[in-house]
Q: 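The following block contains the structure, expressed as structure tokens.
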Amino acid sequence: MQQPRTAFAERIAERRSGGDDPRALVGEMRRSVLLVPVADGGIWSVRSGGVRWICGFTDEAALARFALRHAPGDRPMDYAALLGARIVDEIVPTLGEPAGLAVDIATEDGSMFFPPVVGIVPDAVAVDAGEAGDRGEGRRS
């Protein structure tokens, strides 16, 4: 019996098929509890393209697909259940490098990346935080 998808996984599927509002997807991410693998006293992440990606999963099935490829041996993978908002608002800023959230990365046609940009992570750690001012947007004379 296949486990039903979470509301967040459904929203990702809608977005990947070209529908849904990206802001709604970010809102759903912030409200969702994600399963984040932990190892050696820290959260599991990967670096790619100059960004450190925290890996989060929408449910245990998505985490299990990841664990099959990345867990050490036959040991179960430990994880923490964290709100998406906590990951991007509290954890990302402590990492000291550009960091974002990668969701369900072992799910074929089901992954979604939330990069370190304004509207996803705090402005202070967003890689594009200065761009709005550089284009003259939001300025008053």
Side-chain angles (χ1 to χ4, degrees), residues 1-140:
M1 176 193 283
Q2 188 168 1
Q3 183 178 21
R5 285 200 241 184
T6 65
F8 185 33
E10 287 291 332
R11 181 86 55 168
I12 288 172
E14 289 170 16
R15 184 70 195 136
R16 286 181 63 96
S17 67
D20 204 14
D21 175 7
R23 291 172 297 194
L25 180 63
V26 172
E28 192 70 45
M29 175 271 292
R30 295 182 61 77
R31 291 185 296 275
S32 295
V33 173
L34 296 170
L35 307 180
V36 180
V38 293
D40 302 323
I43 58 172
W44 206 93
S45 63
V46 297
R47 284 184 179 84
S48 179
V51 175
R52 183 172 174 183
W53 297 98
I54 296 171
C55 300
F57 300 90
T58 56
D59 57 31
E60 288 182 340
L63 176 62
R65 284 188 291 276
F66 174 79
L68 284 173
R69 296 183 184 132
H70 299 286
D74 291 338
R75 294 185 358 208
M77 182 171 271
D78 292 329
Y79 64 89
L82 301 170
L83 275 175
R86 183 164 185 219
I87 295 167
V88 296
D89 292 345
E90 296 177 24
I91 297 172
V92 163
T94 68
L95 297 177
E97 62 184 306
L101 175 62
V103 178
D104 288 352
I105 60 173
T107 302
E108 188 173 329
D109 297 328
S111 62
M112 185 62 63
F113 291 79
F114 296 86
V117 297
V118 170
I120 295 177
V121 300
D123 291 356
V125 296
V127 297
D128 65 338
E131 290 182 16
D134 294 342
R135 292 189 307 259
E137 296 174 8
R139 289 190 198 169
R140 292 183 182 236

Q: Could you state the interatomic distance from CG (Leu63) to SG (Cys55), rounded to the nearest 0.5 Å?
A: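 So the CG of Leu63 and the SG of Cys55 are separated by 10.5 Å.
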Q: What closest approach, in Å, do Val127 and Pro98 show between heavy atoms, and which atom pair accounts for it?
A: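 Heavy atoms only, the tightest pair is CG1-CB, 3.8 Å.
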Q: Using the six-membered ring wherever Trp is involved, compare the ring planes of Trp53 and Phe113 and label them parallel, tilted or perpendicular (cut-offs 30° and 60°).
A: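 Judged by the thresholds at 30° and 60°, the geometry between Trp53 and Phe113 is perpendicular.
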Q: To check you understand the geometry: which heavy-atom pair defines the closest contact between Ala24 and Arg11, and what is its length?
A: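 Heavy-atom minimum between the residues: CB-NH1, 3.2 Å.
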Q: Please give me the minimum heavy-atom distance between Leu83 and Arg30, naming the atom from each residue.
A: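 What the structure gives for the nearest pair is CD2-O, 4.1 Å.
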Q: Atom CG in Asp109, atom CD1 in Ile12: separation rounded to 0.5 Å?
A: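 CD1 of Ile12 is found 12.5 Å from CG of Asp109.
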Q: Nearest 0.5 Å, please: how far is CZ in Phe66 from CE in Met77?
A: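 That separation rounds to 5.0 Å.
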Q: Using the side chain to side chain contact (heavy atoms under 4.5 Å, CB included) rule, take Ile87 and Met29 through it: C-alpha gap first, then chi angles, then the decisive distance, then the call.
A: CA-CA 10 Å; Ile87 295 167; Met29 175 271 292; over 6 Å; no
Q: Tyr79: what forms a ring-ring contact (aromatic ring centres under 6.0 Å, His included) with it, not counting sequence neighbours?
A: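 With neighbours one apart ignored, the set is empty.
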Q: Got Val121 and Pro93 here, is their nearest side-chain heavy-atom distance under 4.5 Å?
A: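 Counting from C-beta outward, Val121 and Pro93 never come under 4.5 Å.
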Q: Does the side chain of Glu14 come within less than 4.5 Å of Leu25's, by heavy atoms?
A: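 Sidechains of Glu14 and Leu25: no contact.
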Q: Compare all side-chain heavy atoms of Ile91 with those of Leu82 and state whether any distance is below 4.5 angstrom.
A: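 In contact.
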Q: Without swapping roles, check the side chain of Arg52 against the backbone of Ser45 for a donor-acceptor pair under 3.5 Å.
A: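 Checking the backbone N and O of Ser45 against the side chain of Arg52, no donor-acceptor pair under 3.5 Å is found.
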Q: Taking side chain as C-beta onward, heavy atoms only, is Leu34 less than 4.5 Å from Phe8?
A: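 They are in side-chain contact.
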Q: List the atom pairs, with distances to 0.1 Å, where a side-chain N or O of residues 99-106 and a protein N or O form a donor-acceptor pair under 3.5 Å, not counting sequence neighbours.
A:
{"unit_1": "Asp104", "atom_1": "OD1", "unit_2": "Thr58", "atom_2": "N", "d": "2.8"}
{"unit_1": "Asp104", "atom_1": "OD1", "unit_2": "Thr58", "atom_2": "OG1", "d": "3.4"}
{"unit_1": "Asp104", "atom_1": "OD2", "unit_2": "Thr58", "atom_2": "OG1", "d": "2.7"}

Q: List for me each residue that meets side chain to side chain donor-acceptor pair (under 3.5 Å) alongside Thr107, sequence neighbours excluded, and say none if there are none.
A: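 Scan of Thr107 (side chain to side chain donor-acceptor pair (under 3.5 Å), adjacent residues dropped) gives Arg65.
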Q: Compare all side-chain heavy atoms of Pro116 with those of Val125 and state whether any distance is below 4.5 angstrom.
A: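 Sidechains of Val125 and Pro116: no contact.
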Q: Show your working on side chain to side chain contact (heavy atoms under 4.5 Å, CB included) between Val88 and Val26 and close with a plain yes or no.
A: CA-CA 11 Å; Val88 296; Val26 172; over 6 Å; no
Q: Distance check, rounded to the nearest 0.5 Å: Thr6 atom OG1 versus Glu28 atom CD?
A: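 So the gap between those two atoms works out to 7.5 Å.
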